[in-house]
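This report concerns only the one structure given below.
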Amino acid sequence: MIRPKTLEEIELLRENAVMVSRTLAEVGKAVAPGVTTMELNRVAETYIRDNGAIPSFLGYEGFPTALCISVNETVVHGFPSDYRLKEGDIVSVDCGTFYKGYNGDSAYTFAVGEVDKKTQELLDVTKESLYRGIAAAVAGNRIGDIGHAVQSYAESFGFGVVRELEGHGIGREMHENPGVPNFGRRGHGSRLYDGLVLCIEPMITAGRKDVYLSKNGWEVRTCDHSKAAHFELTVVVRHGKAEQLSTFDYIEKL
């Protein structure tokens with residue numbers, strides 16, 4: 001069932017979205033060569049719990065940690081570990097909270113130190129494709145309009161758009177209908193209504209779009225070992241212009 005949220009629900013989702021946004025900024029402060037991805041996980045879990053929320057990824061369908069941390073060719077759902085970040089790496093951090101009965105979800109891909117020109121372009125294009133998807137998330141449009149906006153922009157730079165994974169609705173459950181693919185045709189898919197809350201999250205590769213699931217059953221990686229970027233924001237579908245609930249402002253002010 002696809003149901004727009006009430007004003008009260010949107011405010012609770014906004015509280016979670018702000019908390020997730022601030023958590024990612026705390027993680028961003030710690031991203032540096034030599035830091036382990038498990039250390040980043042500890043930063044996030046401590047911040048979330050100190051602010052009265054629960055890290056919603058921890059235990060979700062058996063997921064073992066508070067964050068999904070995906071380095072270089074790992075697209076999403078990477079496990080935090082003893083891996084030490086290196087200069088030139090990129091690290092996608094996906095964070096979820098559960099607070100006052102509702103969920104928050106957002107992701108950001110950080111550069112570790114200086115990255116090469118192609119990698120920086122991947123980060124810039126993926127983030128811009130997200131904003132283009134958000135611009136299409138207006139009442140009266142359809143899900144395919146969001147996917148088309150993401151896909152057409154990313155592919156114009158020769159990057160791959162992952163097909164097997166998608167964004168989603170959010171509310172009392174972390175993943176609600178509708179699914180929000182990052183590819184599609186204009187005018188196709190479910191209609192967008194005012195008050196519908198969506199997580200839009202382009203997952204873009206520097207090479208081919210093909211991915212595979214690793215043996216642990218979680219980590220999704222590029223088949224050609226090219227790097228991948230992932231950015232995610234939570235928005236409310238509105239007439240004329242979508243309303244952002246989560247933001248990268250806290251990160252980008254650092």
Let me confirm one number: the CD1-CD distance from Ile143 to Glu166, rounded to the nearest 0.5 Å. 9.0 Å

Donor-acceptor under 3.5 Å (Thr126 side chain, His230 main chain): no

Closest heavy-atom pair, Ala137 versus Ile200, reported as atoms and distance to 0.1 Å, is CB-CD1, 4.1 Å

For the CH2 atom of Trp218 and the CD atom of Glu61, what is their distance to the nearest 0.5 Å? 5.5 Å

For residues His77 and Leu165, determine if any side-chain heavy atom of one lies less than 4.5 Å from a side-chain heavy atom of the other. yes

Cluster question for you: counting only ILVMFWY and a side-chain heavy-atom cut-off of under 4.5 Å, with indirect links fine, are Leu67 and Val220 together? no

Is there a donor-acceptor pair closer than 3.5 Å between any side-chain N or O of Ser106 and the backbone N or O of Ser21? no

Using the rule given for side chain to side chain contact (heavy atoms under 4.5 Å, CB included), can you reason through Phe57 versus Met174, listing the C-alpha separation, both sets of side-chain angles and the distance that settles it, and then say yes or no? CA-CA 9 Å; Phe57 291 177; Met174 173 62 68; 3.7 Å; yes

Using the rule given for side chain to side chain contact (heavy atoms under 4.5 Å, CB included), can you reason through Phe157 versus Leu122, listing the C-alpha separation, both sets of side-chain angles and the distance that settles it, and then say yes or no? CA-CA 9 Å; Phe157 290 85; Leu122 173 67; over 6 Å; no

ring-ring contact (aromatic ring centres under 6.0 Å, His included) against Phe248, all qualifying residues, sequence neighbours excluded: Tyr108, Phe231

Mind checking whether Leu196 and Pro178 have side chains closer than 4.5 Å, heavy atoms only? yes

Consider only side-chain heavy atoms of I, L, V, M, F, W and Y, link residues closer than 4.5 Å, and tell whether Val71 and Val27 are in one cluster. yes

Following the transitive rule for hydrophobic clusters with a side-chain heavy-atom cut-off under 4.5 Å over Ile, Leu, Val, Met, Phe, Trp and Tyr, establish whether Tyr60 and Leu58 coincide in one cluster. no

So Leu198 and Ile146, do their side chains get closer than 4.5 Å, heavy atoms only? yes

Under a 4.5 Å side-chain heavy-atom rule over Ile, Leu, Val, Met, Phe, Trp and Tyr, are Val75 and Ile204 clustered together? no

Quick one: side-chain hydrogen bond (donor to acceptor under 3.5 Å, both in side chains) partners of Asp105, sequence neighbours excluded? His168

Rounded to the nearest 0.5 Å, what separation is found between the CG atom of Leu40 and the CD atom of Glu26? 12.0 Å

Mind checking the CZ-CG spacing from Arg185 to Asp145? Nearest 0.5 Å is all I need. 11.5 Å

Less than 4.5 Å apart, side chain to side chain, heavy atoms only: is that true for Tyr250 and Leu24? no

Determine whether more than 12 heavy atoms belonging to other residues, nucleotides or ligands lie under 6.0 Å from atom CD of Glu173. no

Between Glu87 and Glu114 (side chain of the first, backbone of the second, donor and acceptor by atom type, cut-off under 3.5 Å), is there such a pair? yes

What are the two closest heavy atoms between Lys209 and Val161, and how far apart are they? CB-O, 3.4 Å

In this structure, are over 12 heavy atoms from other groups packed under 6.0 Å from Lys118 atom NZ? yes

With respect to Tyr102, which candidate in Leu12, Ile10, Thr97 satisfies the side-chain contact (heavy atoms from CB on, under 4.5 Å) definition? Leu12

Nearest heavy-atom pair of Ser190 and Ile2: which atoms, and what distance? OG-CD1, 3.8 Å

Applying salt bridge (charged side-chain N to carboxylate O under 4.0 Å, His left out), name anything that partners Glu128, two or more places apart in sequence or on another chain. Arg132

Between Glu219 and Phe79 (side chain of the first, backbone of the second, donor and acceptor by atom type, cut-off under 3.5 Å), is there such a pair? yes

Could you name each residue pair satisfying side-chain hydrogen bond (donor to acceptor under 3.5 Å, both in side chains) that touches residues 46-59, not counting sequence neighbours? Glu45-Arg49

Distance-minimising heavy-atom pair for Phe63 and Cys68: CZ-SG, 3.7 Å

Test your reading of the model: is there a side-chain donor-acceptor pair from Asn141 to the backbone of Ala136, 3.5 Å cut-off? yes

Would you check if the side chain of Asn41 reaches a backbone N or O of Ala66 as a donor-acceptor pair within less than 3.5 Å? yes

Worked verdict on Asn16 versus Asn103 for side-chain hydrogen bond (donor to acceptor under 3.5 Å, both in side chains): CA-CA 6 Å; Asn16 275 277; Asn103 286 276; over 6 Å; no

Between Thr37 (side chain) and Ser81 (backbone), is there a donor-acceptor pair under 3.5 Å? yes

Determine, stepwise, if the pair Val76 / Val162 fulfils side chain to side chain contact (heavy atoms under 4.5 Å, CB included). CA-CA 11 Å; Val76 288; Val162 175; over 6 Å; no

Calculate, to the nearest 0.5 Å, the distance between atoms CD1 and CZ belonging to Ile48 and Phe98 respectively. 13.5 Å

After noting the C-alpha distance and the side-chain angles of Tyr83 and Asp89, does the key distance pass the side chain to side chain contact (heavy atoms under 4.5 Å, CB included) rule? CA-CA 12 Å; Tyr83 175 80; Asp89 283 347; 2.7 Å; yes

Shortest non-hydrogen pair, Cys95 vs Thr23, comes out as SG-CG2, 3.8 Å

Applying salt bridge (charged side-chain N to carboxylate O under 4.0 Å, His left out), can you list everything that pairs with Arg14, at least two apart in sequence or on another chain? Glu11, Glu243

Between Leu130 and Glu232 the two heavy atoms that sit nearest each other are CD2-N, 4.0 Å

Once rounded to the nearest 0.5 Å, what's the spacing between atom OG1 of Thr119 and atom NZ of Lys227? 3.5 Å

If hydrophobic clusters are built by linking Ile, Leu, Val, Met, Phe, Trp and Tyr wherever their side-chain heavy atoms come under 4.5 Å apart, do Leu13 and Met19 end up in the same one? no

Hey, are the side chains of Arg221 and Thr74 touching, using non-hydrogen atoms and a 4.5 Å cut-off? yes

Taking His188 for the side chain and Arg186 for the main chain, is one N or O donor matched with an acceptor at less than 3.5 Å? yes

Quick check against the 3.5 Å criterion: does Ser70 have a side-chain atom that pairs as donor or acceptor with the backbone of Gly78? yes

Donor-acceptor pair, side chain of Asn72 and main chain of Val91, under 3.5 angstrom: no

Any non-hydrogen side-chain atom of Asp194 less than 4.5 Å from a side-chain atom of Arg238? yes

Counting only heavy atoms not in Tyr193 (residues, nucleotides, ligands), do more than 12 fall under 6.0 Å from its OH? no

Which residues end up grouped with Met38 if you chain together Ile, Leu, Val, Met, Phe, Trp and Tyr wherever their side-chain heavy atoms are less than 4.5 Å apart? none

